[in-house]
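Heavy atoms only: backbone and side chains are in, while hydrogens, waters and symmetry mates are out. All residue numbers in this chain count up from 1 along the given sequence. Note that ligands are numbered from 1 as they come in the structure, with each ligand's atoms numbered from 1 the same way.
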Amino acid sequence: MPTFEDSDFGVQTPLSPTKKTSNNLNVAIPTNGDASGTVNSVEVPATRSSISDASAYMHNLSLSPSMRDRRGSRNSFGTSLPIPRSKRQSRLSSVHYPEGQPQRPGMPPIQASRDILASQMQDLSSEKVHAAKDMAFVFDIDGVLVHGDRLIPEGKRVLEILNGDNELGIKIPHIFLTNGSGKPEEARVAQLSSILKNPISTEQFIQSHTPMRALADYYKTVLVVGGEGYKCREVAEAYGFQDIVVPNDIIAWDPTIAPYRVFTDEERATSRPRDFSKINIEAIMVFSDSRDYATDMQIIIDLLRSENGRFGTMAKDPVSQRVPIYFSQGDMLCPTEHPFPRMSQGTFRIGLEAMYRALTGVDLERVVYGKPELATYKYADEVISSWMETIHNDEKLPKNIYMIGDNPASDIVGGNQYGWNTCLVRTGVFQGGDNDEENPASFGVFPNVLDAVKTAIRKEIGKDFKFEFNDQINPVLHGNGASAIE
Ligand code: G3P
Ligand code: MG
């Protein structure tokens, strides 16, 4: 039986495990021999370049030229990102308390005298009160306040201070702006409140997909992708989408669509199959991280290549008949309990873009919400001024806004572009030196969120500002209130 010689393939032996590639790069090749020097396998030269094909298909997070130049149809898809007109996130907003009932973080149980005392302090310090109401904090969540379900301890203390445990006994405005996703706002707020041991309202909370509720006015039947179980269906229902399809509904209708998927009886029983060959899906919304890349990518690609979103068809023109696709955020990586950040929606999207380009020869046009997209920051402004009305009965946008984030490529670049003060913390994605080289934080880099907040408050309200409320001293009885609480 003929056998292969190394010389047949131009392969060097393991004794000289370095060879020149076509790019003249020295690539170390692992040896494949055993201890006796016997070679157990044959190395066949690659006929394809080892350099990724995908790089040519990658897009920045912002509008790509192809979107600007080519597309003006489908509700100006890609040329603008709709956000809700209403400042209120929901008519059914709710506050969540860590123990299920109202508490005053960092302070004794509710007592009428404490409010009187705080208002006396505020009368005596009107300049400080004015400054406290003219600043606001915008908090990133993952990597700043928590890591997944784990508290970053300084995050709890920060919220205590901003909720009134400060020398004025005043609420200093703050909202939460996260690229996180995958569950209804109310559920996520309840979970966060319990981890951070502070009350949080849905009115001060924005997830990556929160502004996408505006899209419910544009599309009736939508495919919603990502998240655990059917939680993103719940999110879309809460946003007012009328006809929501999720990948499980499609697999239950035709399991051959996802050949590698093991579909459980429970999934079958809880899905909502229909004859999708008779339904046009008008848009694709990737709300959260895919839990099954193979299935979700296959279904999304099928739909993008179909005639106007109908399964079982293949569009003759992949551009004019293609349904729009939206992603709730574009982060490449997300810090979790794992020592190294995990891949997030951005990497999933780039994979899809490369697959789509490879299969059709054209670039995929898509919209990406979330930080650092301008629409998300504009929406945050609306939420801040609405929250000001709730806590201080004054619907205005404070002048000095501080974004505190751990990810230069989303939190910081977006905040800088929007003219906010930006603070980068070292408790999450950023692991660099003095500041991020590409997107430096304008207000500086801090070891943690508490240092950032204290520095910002001292700048805006005064170097001597006290970060706790003193219940013992009555400023009226003790003369000058500010000095009475030394
Ligand atoms: O990257 C995904 C998301 O979990 C990041 O959340 O709070 O850091 O914007 P956040
Ligand atoms: Mg973060």
Side-chain angles (χ1 to χ4, degrees), residues 61 137-152 154-155 158-159 174-185 187-189 191-193 195-196 200 202 204-212 225-228 231-232 235 286-291 293 327-338 340-351 368-373 375-377 379-380 383 402-416 418 420 422-432 436 439 441 445-449 452-453:
L61 291 177
F137 290 99
V138 178
F139 291 110
D140 173 75
I141 293 178
D142 281 309
V144 171
L145 300 171
V146 298
H147 282 137
D149 285 342
R150 187 158 45 84
L151 173 71
I152 295 176
E154 291 85 1
V158 157
L159 295 194
H174 59 281
I175 67 160
F176 304 87
L177 180 61
T178 177
N179 270 358
S181 59
K183 51 177 79 159
E185 279 70 16
R188 180 68 175 135
V189 161
Q191 180 194 17
L192 266 181
S193 162
I195 299 172
L196 287 159
I200 302 176
T202 51
Q204 58 181 148
F205 185 69
I206 305 169
Q207 302 191 87
S208 61
H209 43 60
T210 307
M212 292 171 74
V225 180
E228 278 170 33
K231 288 203 176 111
C232 283
V235 172
V286 181
F287 267 9
S288 192
D289 292 297
S290 168
R291 269 37 177 197
Y293 274 39
F327 296 84
S328 77
Q329 55 104 346
D331 290 352
M332 298 290 170
L333 296 170
C334 175
T336 68
E337 288 87 351
H338 191 77
F340 301 103
R342 303 289 79 198
M343 290 194 294
S344 190
Q345 252 192 70
T347 33
F348 177 81
R349 171 178 56 80
I350 285 171
V368 184
Y369 275 78
K371 296 171 288 184
E373 186 58 51
T376 292
Y377 286 77
Y379 185 64
V383 170
Y402 288 80
M403 168 95 229
I404 304 190
D406 67 307
N407 189 341
S410 61
D411 309 318
I412 304 304
V413 67
N416 286 347
Y418 206 51
W420 290 350
T422 51
C423 312
L424 186 55
V425 292
R426 295 187 181 280
T427 45
V429 166
F430 177 70
Q431 306 283 334
D436 187 66
N439 303 296
V445 178
F446 299 87
N448 58 61
V449 64
V453 164

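- Residue contact check: T178 has heavy atoms under 4.0 Å from atoms 6 (O), 7 (O), 9 (O), 10 (P) of ligand 1.
- Counting atoms of ligand 1 from 1 in the listed order, those under 4.0 Å from a heavy atom of Q329 are 1 (O), 2 (C).
- Closest non-hydrogen pair, L151 versus V146, comes out as CA-CG1, 4.4 Å.
- Nearest N/O/S atom of D142 relative to the Mg ion (ligand 2): this is O.
- The backbone N or O of V429 lies less than 3.5 Å from a partner atom in the side chain of D406, making a donor-acceptor pair.
- Using the six-membered ring where Trp is involved, F137 and F139 have ring planes that are parallel, under 30° apart on the 30 and 60° scheme.
- At least one N or O atom of I141, backbone or side chain, sits closer than 3.5 Å to an N or O atom of ligand 1.
- In terms of modelled atom types and a separation under 3.5 Å, the side chain of K371 and the main chain of G414 share no donor-acceptor contact.
- Side chain of S344 to backbone of M332: no donor-acceptor contact under 3.5 angstrom is found.
- A heavy-atom separation below 4.0 Å is found between G180 and ligand 1.
- Within the 4.0 Å heavy-atom shell around ligand 1 one finds D140.
- When heavy-atom distances to ligand 1 are checked against a 4.0 Å cut-off, D331 comes that close only through its side chain, counted from C-beta outward.
- Close approach of ligand 1 to S344 is summarised as follows: ligand atoms under 4.0 Å from at least one heavy atom of the residue are 1 (O), 2 (C).
- Between F287 and S208 the shortest heavy-atom distance is O-OG, 4.3 Å.
- Our summary of the site lists the angle at the Mg ion (ligand 2) between OD1 of D406 and OD2 of D140 as 80°, to the nearest 10 degrees.
- Among all non-hydrogen protein atoms, the one lying nearest atom 4 (O) of ligand 1 is D142 OD2, 2.9 Å.
- D142 contributes no side-chain N or O that, together with a main-chain N or O of H147, makes up a donor-acceptor pair within less than 3.5 Å.
- A distance-only check finds a donor-acceptor pair linking the side chain of Q207 to the backbone of K183 [under 3.5 Å].
- For K371, the closest heavy-atom approach to ligand 1 falls below 4.0 Å.
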